[in-house]
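Okay, so here's the structure we're looking at.
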Amino acid sequence: MFRNLKPVGRILYGRNSFDQLGDVLGELRIEKDSFVLFLVDEYFDGKDFLKRIPVQEQDILKIIDITDEPKTKTVDAMVAEIKGLGKGNPVSVVGIGGGSVMDYAKAIRLMFTNEGSSVLYQGLDFIKNKGIHCTVIPTISGTGAEVSMTTVLTGPLKKLGIKGNFTAADQLVLDPELISTVPEPQRFYTAMDCYIHNIEALNGYRRTQMGDSLGQESLRIFRDIYLGNDSRSPENEEKLMIASYLGGLSLTYSEVGACHAMSYGLATVTDIHHGVGNCIVFNQLEEFYPEGVKEFKEMMRINNIDIPHGVTAGCTPEEIDKMIDVSLTLVFMWAHVCGPDWQKIITRDKLRGLYMKM
Ligand code: NAD
Ligand code: ZN
């Protein structure tokens with residue numbers, strides 16, 4: 001089956017384009033009591049930036065705690081709370097933040113129009129009804145969540161995306177000014193999500209010309225930023241935003257690979273966040289991506305970044321087994337990496353050996 005790509009509906013792009021958000025939302029505020037639900041990354045709590053958000057009296061603004069990555073139970077609770085107000089549905093759910101807040105916005109807007117818990121919809125194409133309008137505004141770049149057809153949630157049993165034709169946002173605002181405050185090493189870790197997406201997408205069995213073209217351009221821009229001598233110049237912030245966007249798009253026509261398959265396992269047991277978790281895993285994957293890992297290490301050196309080491313040292317054999325179990329469920333990723341006979345190559349012992357090195 002071919003994927004029927006549904007990228008984000010409309011894109012407002014440019015430095016300080018955020019200030020046009022009021023006009024964009026104004027088009028949706030048709031009824032007198034229309035309201036918008038704003039979800040804002042906790043970093044902005046108490047900052048002047050909050051005053052720039054075009055919140056009207058009837059709107060709701062929630063500061064989002066992202067100590068943990070997005071959870072199904074938080075999605076369900078937020079939807080129940082808003083529905084309980086008896087105001088009807090918001091005309092848009094606006095997520096202002098990183099992959100976590102954007103994924104919350106993408107998931108919450110779906111659960112206003114689909115019955116039951118969001119747990120029921122983790123996986124591919126389980127969502128049946130179009131969600132309400134959703135606006136995403138990245139304030140940190142790399143995940144591609146701003147354009148992807150998935151929203152990654154951790155449920156009681158698994159970390160897995162709600163993936164499908166209804167998941168991409170309707171409106172994207174790309175304002176490079178918004179990512180200028182992200183501290184290191186967080187910026188590097190999230191940016192590397194984009195690099196790793198590209199390396200994985202461009203090495204495997206599910207490649208297509210569409211995926212390759214988008215991924216190669218994203219990678220070209222990325223190398224410009226991180227192999228140069230000032231990854232944080234305003235020009236490079238803008239490039240990073242575009243690399244993330246193109247990388248996110250490319251994945252619909254390819255697939256992530258060994259790093260994501262293993263980092264989902266790592267995250268399930270250790271609660272290590274996606275960006276840094278990917279870096280920890282990717283650092284050990286020379287066998288799968290020799291050139292990519294070499295270049296990744298060079299990027300770390302140039303940018304004075306180190307990653308946590310020994311993160312699995314304190315894990316019990318049962319915990320390592322759990323990581324392996326989760327990783328082995330990601331069959332489409334492993335099939336992309338090694339082909340249809342991947343199970344002959346990706347053995348439990350191989351995965352155990354790699355996890356123990358992290
Ligand atoms: P994040 O959203 O978890 O945020 C990381 C940190 O950066 C937080 O502490 C946040 O407060 C801070 N931050 C954000 N913007 C800032 C700013 N402008 N200035 C200062 N600090 C700022 O990080 P992320 O790496 O963007 O997202 C990770 C999440 O995205 C994970 O939950 C992962 O599963 C998900 N993800 C989703 C997709 C998708 O396609 N939907 C793809 C990859 C990853
Ligand atoms: Zn990723």
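In this chain, residues are counted from 1 in sequence order. Everything quoted here is computed from the prediction, not taken from an experiment. Atoms within a ligand are numbered from 1 in the order they appear, just like the ligands themselves.
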Pairs meeting criterion salt bridge (charged side-chain N to carboxylate O under 4.0 Å, His left out) with involvement of residues 80-90, two or more places apart: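 Sorted pair list: Lys62-Glu81.
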Ring geometry between Tyr289 and Phe282 (parallel below 30°, tilted from 30 to 60°, perpendicular above 60°):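 If you compare the ring of Phe282 with that of Tyr289, the planes turn out parallel.
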Parallel, tilted or perpendicular, as decided by the 30° and 60° cut-offs, for the rings of His274 and His197: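 Plane angle between 30° and 60°, so tilted.
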Metal-centred angle, OD1 of Asp193 through the Zn ion (ligand 2) to NE2 of His274, rounded to 10 degrees: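 OD1 of Asp193, the Zn ion (ligand 2) and NE2 of His274 span an angle of about 90°.
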Apex the Zn ion (ligand 2); atoms His197 NE2 and His260 NE2; angle rounded to 10 degrees: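 NE2 of His197, the Zn ion (ligand 2) and NE2 of His260 span an angle of about 90°.
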Pairs of nitrogen or oxygen atoms, one from ligand 1 and one from the protein, closer than 3.5 Å: please tabulate them with distances.
| from | atom 1 | to | atom 2 | distance (Å) |
| --- | --- | --- | --- | --- |
| ligand 1 | 2 (O) | Gly99 | N | 3.3 |
| ligand 1 | 2 (O) | Ser100 | N | 3.0 |
| ligand 1 | 2 (O) | Ser100 | OG | 3.3 |
| ligand 1 | 3 (O) | Ser100 | OG | 2.7 |
| ligand 1 | 11 (O) | Asp41 | OD1 | 2.6 |
| ligand 1 | 11 (O) | Asp41 | OD2 | 3.3 |
| ligand 1 | 15 (N) | Thr139 | O | 3.3 |
| ligand 1 | 15 (N) | Thr139 | OG1 | 2.7 |
| ligand 1 | 18 (N) | Thr139 | O | 2.9 |
| ligand 1 | 18 (N) | Leu178 | O | 3.1 |
| ligand 1 | 18 (N) | Thr181 | OG1 | 3.1 |
| ligand 1 | 19 (N) | Thr181 | OG1 | 2.8 |
| ligand 1 | 25 (O) | Thr190 | OG1 | 2.7 |
| ligand 1 | 26 (O) | Gly99 | N | 2.8 |
| ligand 1 | 27 (O) | Gly99 | N | 3.2 |
| ligand 1 | 40 (O) | Ser148 | OG | 2.6 |
| ligand 1 | 41 (N) | Asp103 | OD1 | 2.8 |
| ligand 1 | 41 (N) | Asp103 | OD2 | 3.3 |
| ligand 1 | 41 (N) | Ser148 | OG | 3.4 |
| ligand 1 | 41 (N) | Thr150 | O | 3.0 |

Glu319 bridged to Lys322 by N-O distance under 4.0 Å: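 No, Glu319 and Lys322 are not salt-bridged.
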Any residue meeting side-chain contact (heavy atoms from CB on, under 4.5 Å) with Leu28, in chain and number order, not counting sequence neighbours: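 Leu28: side-chain contact (heavy atoms from CB on, under 4.5 Å) contacts with Leu25, Val91, Ser92, His133.
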Asp349 versus Thr347, side-chain donor and acceptor atoms under 3.5 Å: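 No, because no side-chain N or O of Thr347 sits under 3.5 Å from a partner of the opposite role on Asp349.
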Ring pair (Phe, Tyr, Trp, His ring centres under 6.0 Å): pairs with one or both residues in residues 142-192, sequence neighbours excluded: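 Sorted result for residues 142-192: Phe188-Tyr226.
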